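Below is one structure, written out as structure tokens; the observations come after it.
It should be emphasised that the depicted structure is a prediction, and the values quoted were computed from it without experimental measurement. Order of listing sets the numbers, starting from 1, for every ligand and every atom in it.
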Amino acid sequence: MKINEFKKIAIIVAMQQEAEPIIAQLGLLTTCIPELLPELGMQAYRSKFFDQDIYLFTNGIDKKYNVNKVATQPAAITALETIMAIKPDLIISAGTAGGIANKGLSIGDVCLGSDYYMYHDRRIPSGDSEQYGIGYFSCPDAALLAKEFNLKTGIVSTGNSLTLSQEDEKVLQEHNVLAKEMEVAAIAEVASMFNIPVLAVKAITNIVGIEADVAKEFKSNFNIAVQNLSETLAIILTHNSRMRT
Ligand code: ADE
């Protein structure tokens with residue numbers, strides 16, 4: 001993938017608190033996109049960045065529990081709404097992730113997805129459904145970008161839990177996964193139907209399997225991770241714009 005090929009880019013972020021530093025860093029402004037269904041509560045931001053159109057969408061807040069709508073169902077809905085509303089050339093799934101132990105990751109590192117996106121908890125051990133369950137959604141080759149900015153790359157896997165089951169762990173090991181999170185495969189599953197590439201940019205809040213309490217680790221490392229995430233996105237997009245001029 002050449003990052004400079006893309007003129008209209010949609011950044012999809014699950015949590016409002018993940019999005020805030022990105023909005024500030026890129027100088028994005030709240031925008032109203034009439035095509036978005038108001039019932040969904042998605043938030044939309046936009047800015048011109050050199051000659052690029054950058055949009056950012058969040059999934060919004062769950063009305064019943066007053067929390068961010070994370071995980072795969074909101075991610076798939078946001079992806080479809082984004083595609084129908086603005087038809088982006090590229091989607092960036094930006095957010096936090098748990099790094100898998102012994103992969104050389106540290107808290108606050110930002111990494112890019114490689115090879116394919118997959119689900120580690122959609123287990124259907126029955127014929128071809130097994131492969132369907134894993135997903136194997138296509139992932140653009142971001143090796144050059146990673147090299148240029150010294151970012152780690154590896155398989156990013158999606159599941160609907162912050163915590164880890166033994167079965168999840170087995171699948172993560174089998175696929176040599178670098179980081180686990182809760183959205184990118186769902187976004188890529190939808191985007192693949194429209195041939196839109198999805199780049200995963202994920203900042204590490206915790207090292208999976210090592211932490212005593214994943215929710216606590218996630219909270220205490222959240223700010224440093226999202227700050228690094230926003231800076232990396234700005235660097236990538238500035239690079240993208242420079243390459244176009
Ligand atoms: N986001 C940050 N850490 C995570 C983890 N361990 N699992 C899923 N999503 C995450």
For this session: Could you tell me which atoms of ligand 1, counted from 1 in the order shown, lie closer than 4.0 angstrom to a heavy atom of Thr96?
Result: 1 (N), 2 (C)

For this session: Please check if any side-chain donor atom of Thr158 sits under 3.5 Å from a side-chain acceptor atom of Glu181, or the reverse.
Result: yes

Problem set entry | Residue part near ligand 1, for Leu164, under 4.0 Å between non-hydrogen atoms | neither

Seminar exercise, completed: Here the atoms of ligand 1 under 4.0 Å from any heavy atom belonging to Glu181 are 8 (C), 9 (N)

For this session: Please examine the side chains of Lys103 and Asn176, heavy atoms only from C-beta on, and report whether any two atoms are closer than 4.5 Å.
Result: yes

For this session: Take Gln173 and Glu169 through the test side chain to side chain donor-acceptor pair (under 3.5 Å) and record every step on the way to the result.
Result: CA-CA 6 Å; Gln173 294 298 336; Glu169 191 169 13; 4.7 Å; no

Exercise. Of Val184, Thr78, Val13, which meets side chain to side chain contact (heavy atoms under 4.5 Å, CB included) against Ser93?
Worked result: Val184

For this session: State, yes or no, whether a side-chain contact exists between His120 and Leu164 at a heavy-atom distance under 4.5 Å.
Result: no

Problem set entry | Flag, side chain of Lys152 to backbone of Gly104, donor-acceptor distance under 3.5 Å | yes

Problem set entry | N or O contact, Phe218 vs ligand 1, cut-off under 3.5 Å | no

Exercise. Which protein heavy atom lies closest to atom 2 (C) of ligand 1, and at what distance to 0.1 Å?
Worked result: Thr205 OG1, 3.1 Å

Exercise. Any idea which of Ala179, Ala97, Gly99 brings a heavy atom closest to atom 1 (N) of ligand 1?
Worked result: Ala97

Seminar exercise, completed: Going by the 4.0 angstrom heavy-atom rule, the piece of Leu162 near ligand 1 is both

Exercise. Considering only protein heavy atoms, which is closest to atom 7 (N) of ligand 1, and at what distance to one decimal place?
Worked result: Lys180 NZ, 2.7 Å

Problem set entry | Aromatic plane relationship, Phe137 with Tyr119 - under 30° parallel, 30 to 60° tilted, over 60° perpendicular | perpendicular

For this session: Under 4.0 Å from a heavy atom of Asn206: give me the atoms of ligand 1 that qualify, with their elements.
Result: 2 (C), 3 (N), 4 (C), 6 (N)

